[in-house]
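Report on the following structure.
Counting starts at 1 for both ligands and their atoms, following the listed order. The structure displayed is predicted, hence computed values, not measured ones.
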Amino acid sequence: MFKLAHISDIHLGPLPDLSFRELASKRITGFVNWHRHRRNHLVGDTLNLLMDEIERVDPDHLAITGDLVNLASSREIEIMTAWLKEAGEPENISIVPGNHDAYVPGAYEKTTKAWYPYMRGERGPAEWNEDFHCYPYLRVRGPVALVGCSTAVATPPFAASGYFGSRQARETVNLLRAAGEAGLFRVVMIHHPPIRGATSMYKRMLGIRRFAATISAGGAELVLHGHTHLNTVYSLKGQIKPVPVVGIASASQGRGGKKPPAGFNLFFISGSPGQWNLVRERFELTMDGRSVTLVETTRF
Ligand SMILES: [Fe+2]
Ligand SMILES: [Fe+2]
């Protein structure tokens, strides 16, 4: 039995002091968003409660599907890197980036470099370098293959869209096929929901059809995503049966916001190729916002 925990959209706060130079350019739009929509509800305490409960249920691995920071300033990346060090060893945590981790040109490189140990695939070089395509990556942990894809691009002001291109699609198919031949349970991690209509026009991912084709051509057992800050279960066409596509609320969302409160998914993976058993337990912040409890069990 392999236990995989899934959180997303940490949007780590508090908002650091920004220099005037950082406030110039498009970061100002993110700053405004934070104050209007996030300041009251995305606070560190909730994330701590979540991590306490994750520690208690003792997963074998933790998947984080993007939006770790808000504006991708150097200070935020630094704080997040320190938080990750506290959270666990890089071999036990896998990250894919979100649109907030690539907020301005250059941020994508900065976050990828800082968090590379958490995204380093089996064939990745020991140290990150600019010429190396980090994504898709493949990490094998027990009976599980984690395939990390990136949709992060620096988008125009107020846009939050993502992109899944043809190079990644080709390489992802190859990784999924190889992992399938090796008899592994394949989990694909991607920030944006690869489902039409799951998010608004300006927040959607370009390449949804390409991603669906990737899953049906390569084969997968589970897709994890974030971005919507919602607890959702969709599915994509698989090779033998439909592939569950699971989203989760923001890991920092307190009670009383428009979006559902913070939570995490805990997947129990057992069985063997062709006969996998997958059970998902969803944990959520309690009504009083003081603890985290099991609220839903799904058998796929
Ligand atoms: Fe987000
Ligand atoms: Fe996002």
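For the ring pair (Phe, Tyr, Trp, His ring centres under 6.0 Å) criterion with His191, the lone passing option out of His227, His229, His100 is His227.
When only modelled atom types and interatomic distance are considered, Asn265 and Arg280 share a side-chain donor-acceptor pair under 3.5 Å.
Seen from the Fe ion (ligand 1), atom NE2 on His229 and atom NE2 on His11 lie at an angle near 90° (rounded to 10 degrees). Geometry at the Fe ion (ligand 2): NE2/His191 and OD1/Asn99 form an angle of 90°, nearest 10 degrees.
Closest approach between the Fe ion (ligand 1) and any N/O/S atom of Asp67 involves OD2. When distances from the Fe ion (ligand 1) to the N, O or S atoms of Asp9 are compared, OD2 comes out shortest.
The Fe ion (ligand 2) lies under 2.8 Å from an N, O or S atom belonging to His227. Note on His100: not counted as a metal contact of the Fe ion (ligand 1), no N/O/S atom lying under 2.8 Å.
Residue Arg255 comes nearest to Leu285 through the heavy atom pair NH2-O, 2.8 Å, listed as atom of the first residue, atom of the second, then distance.
In this pair, Tyr108 and Tyr135 present their aromatic rings tilted. The plane angle is within the 30 to 60° band.
No more than 12 heavy atoms of other residues, nucleotides or ligands lie within 6.0 Å of CD in Glu55, so this atom counts as exposed by the packing criterion.
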